[in-house]
There are 2 protein chains.
Amino acid sequence: MSNQTKPVYLKLRDQIAAAIIDGRYQEEEMLPSVRALAAEQGANPLTVAKAYQQFQADGLVEVQRGVGMYVARGAAEKLRKREKETFLSQEWPEITARIKRLGLKPDELLAAV
Amino acid sequence: MSNQTKPVYLKLRDQIAAAIIDGRYQEEEMLPSVRALAAEQGANPLTVAKAYQQFQADGLVEVQRGVGMYVARGAAEKLRKREKETFLSQEWPEITARIKRLGLKPDELLAAV
DNA sequence: AATAGTGCTTCAGTGCCATAATACAGCGCG
DNA sequence: CGCGCTGTATTATGGCACTGAAGCACTATT
């Protein structure tokens, strides 16, 4: 139903966000460089840069030109809070409507976990 | 988080599917014509045709050329079953993973309904 | 100064989406 | 038949997002 062909930079963005929330990218620590992550993921450096870009616009990642990027203090908590809110206010209502429409019951949902 | 810029023909497709499942488009009944729906939705007739096309390919909608399209018998049930399976196998696992990552609790989810 | 590592800017190419203008093909009805 | 309604095919065009390649700007290290 949904997108099986999601743009690469969005996949990377989600993946990076998850790594920050999970603490795999610690705060105040360096992030993988654009080129390094690009090589690791088999993507173009520019595409990776585009993924990083949204984080620095939100102040979650700070840039030292010529040096690299690091995770801002409190980024994990801020990110989790932000995603929590958008999830509850935007995605979850659609999901529940969908569940209701399809006539799915709680035990079917739990069985699929 | 998700796509706010979903292609028009996909939006129409989802919308039509929902109408069939909910019974707003009754089985054995005529669907709105390509041109009519296009005018109503402010879209191009070709775009609407593209949305319809996937349904006839799946046998959910049958075409009488020169007359119009109607919903096939059993289409609602077939459609619901198909969406049910893809939802459980593909979307739901991602959703539960997301819920877990964000640390959302059951009462928070229920409160948002 | 030289080098190598950063992120960033610019230009170009590709493909999908949406639209438009026609034209064609089948059906029903007066 | 003639008219008006259906869906369909063709071709062309504009726009937009994604991806990519080369080069520029900055910093740290030697």
Side-chain angles (χ1 to χ4, degrees), chain A residues 1-17 19-20 25-73 75 79, chain B residues 1-17 19-20 24-73 75:
Chain A
M1 204 57 180
S2 304
N3 290 350
Q4 55 271 43
T5 44
K6 207 171 184 178
V8 176
Y9 82 100
L10 282 183
K11 285 187 197 166
L12 291 173
R13 194 179 68 72
D14 290 349
Q15 174 179 327
I16 294 164
I20 292 177
Y25 292 161
Q26 281 292 333
E27 302 193 354
E28 306 275 354
E29 295 263 333
M30 279 303 171
L31 290 166
S33 79
V34 168
R35 288 173 177 81
L37 187 56
E40 177 190 329
Q41 297 288 333
N44 190 286
L46 224 160
T47 305
V48 176
K50 189 172 183 180
Y52 276 144
Q53 202 168 359
Q54 316 204 3
F55 291 108
Q56 41 175 314
D58 293 344
L60 300 171
V61 158
E62 301 193 6
V63 180
Q64 282 189 353
R65 188 159 184 167
V67 180
M69 301 176 167
Y70 59 93
V71 183
R73 289 202 311 183
L79 195 51
Chain B
M1 209 51 182
S2 307
N3 283 355
Q4 57 271 44
T5 44
K6 208 171 186 177
V8 176
Y9 83 100
L10 284 182
K11 285 187 198 166
L12 290 173
R13 195 178 65 72
D14 291 349
Q15 174 179 327
I16 294 163
I20 291 177
R24 299 204 309 279
Y25 292 161
Q26 281 291 334
E27 303 195 351
E28 306 276 354
E29 295 264 333
M30 280 301 172
L31 291 166
S33 78
V34 169
R35 290 173 176 83
L37 188 56
E40 177 190 329
Q41 296 287 333
N44 190 285
L46 266 174
T47 306
V48 176
K50 189 173 183 180
Y52 275 144
Q53 202 168 357
Q54 315 203 3
F55 289 108
Q56 41 175 314
D58 294 345
L60 300 171
V61 158
E62 301 194 5
V63 179
Q64 280 191 354
R65 189 159 183 165
V67 180
M69 302 177 167
Y70 59 93
V71 182
R73 287 202 312 183

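The sequence lines fix the lettering, A, B, ..., with proteins before strands; numbering per chain opens at 1.
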Shortest non-hydrogen contact from B/Gln64 toward B/Tyr70: CG-CE2, 4.1 Å
Closest heavy-atom pair and its distance - B/Lys6, B/Asp14: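 In terms of heavy atoms, the two residues are closest at NZ-OD2, 2.9 Å.
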Tell me the interatomic distance from [X], atom [atom1], to [N], atom [atom2], rounded to whole angstroms.
X: B/Gln54; N: D/dG7; atom1: CD; atom2: C1'; value: 17 Å
X: B/Gln64; N: D/dC5; atom1: CD; atom2: P; value: 19 Å
X: A/Leu37; N: C/dT6; atom1: CG; atom2: P; value: 12 Å

Pairwise side-chain contact, A/Leu60 with A/Ile20, heavy-atom cut-off 4.5 Å (strictly under): no
Side chains of B/Val61 and B/Ile16 in contact at under 4.5 Å (non-hydrogen atoms): no
Set of residues satisfying salt bridge (Lys or Arg N to Asp or Glu O under 4.0 Å) with respect to B/Arg35, sequence neighbours excluded: none
All salt bridge (Lys or Arg N to Asp or Glu O under 4.0 Å) counterparts of A/Arg73, not counting sequence neighbours: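 Checked A/Arg73 against salt bridge (Lys or Arg N to Asp or Glu O under 4.0 Å); matches are A/Glu28.
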Close approaches to DNA chain D from residues 65-73 of chain B, in residue order (heavy atom, under 4.0 Å):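 Nucleic-acid contacts, sorted: B/Arg65, B/Gly66, B/Val67, B/Gly68, B/Met69.
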DNA chain D contacts made by residues 24-35 of chain B, counting heavy atoms under 4.0 Å: B/Ser33, B/Val34, B/Arg35
Any B/Gln53 side-chain nitrogen or oxygen under 4.0 Å from OP1 or OP2 of D/dT8: no
Phosphate OP1/OP2 of D/dT8: any B/Gln56 side-chain N/O under 4.0 Å: yes
Give me the distances for all protein-to-nucleotides 17-19 of chain D N/O pairs that come in under 3.5 Å?
from: D/dC18; atom 1: OP1; to: A/Tyr9; atom 2: OH; distance (Å): 3.2
from: D/dC18; atom 1: OP2; to: A/Tyr9; atom 2: OH; distance (Å): 3.0
from: D/dC18; atom 1: OP2; to: A/Lys50; atom 2: NZ; distance (Å): 3.4
from: D/dT19; atom 1: OP1; to: A/Val8; atom 2: N; distance (Å): 2.9

B/Ala36: partners by side-chain contact (heavy atoms from CB on, under 4.5 Å), with sequence neighbours left out: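 B/Ala36 satisfies side-chain contact (heavy atoms from CB on, under 4.5 Å) with B/Ser33 once adjacent residues are dropped.
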Partner residues of B/Gln26 under the side-chain contact (heavy atoms from CB on, under 4.5 Å) criterion, sequence neighbours left out: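 Counting only residues at least two positions away or on another chain, B/Gln26 forms a side-chain contact (heavy atoms from CB on, under 4.5 Å) with B/Glu29.
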Any pair counted as salt bridge (charged side-chain N to carboxylate O under 4.0 Å, His left out), so long as it reaches residues 55-65 of chain A, sequence neighbours left out: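 Every pair satisfying salt bridge (charged side-chain N to carboxylate O under 4.0 Å, His left out) with a residue in residues 55-65 of chain A: A/Asp58-A/Arg82.
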With a 3.5 Å cut-off and sequence neighbours excluded, list the donor-acceptor pairs that the side chains of residues 40-57 of chain A form with protein atoms.
from: A/Asn44; atom 1: OD1; to: A/Leu46; atom 2: N; distance (Å): 2.8
from: A/Tyr52; atom 1: OH; to: A/Pro32; atom 2: O; distance (Å): 2.9

Full working for side chain to side chain contact (heavy atoms under 4.5 Å, CB included) between A/Val8 and A/Lys11: CA-CA 5 Å; A/Val8 176; A/Lys11 285 187 197 166; 5.5 Å; no
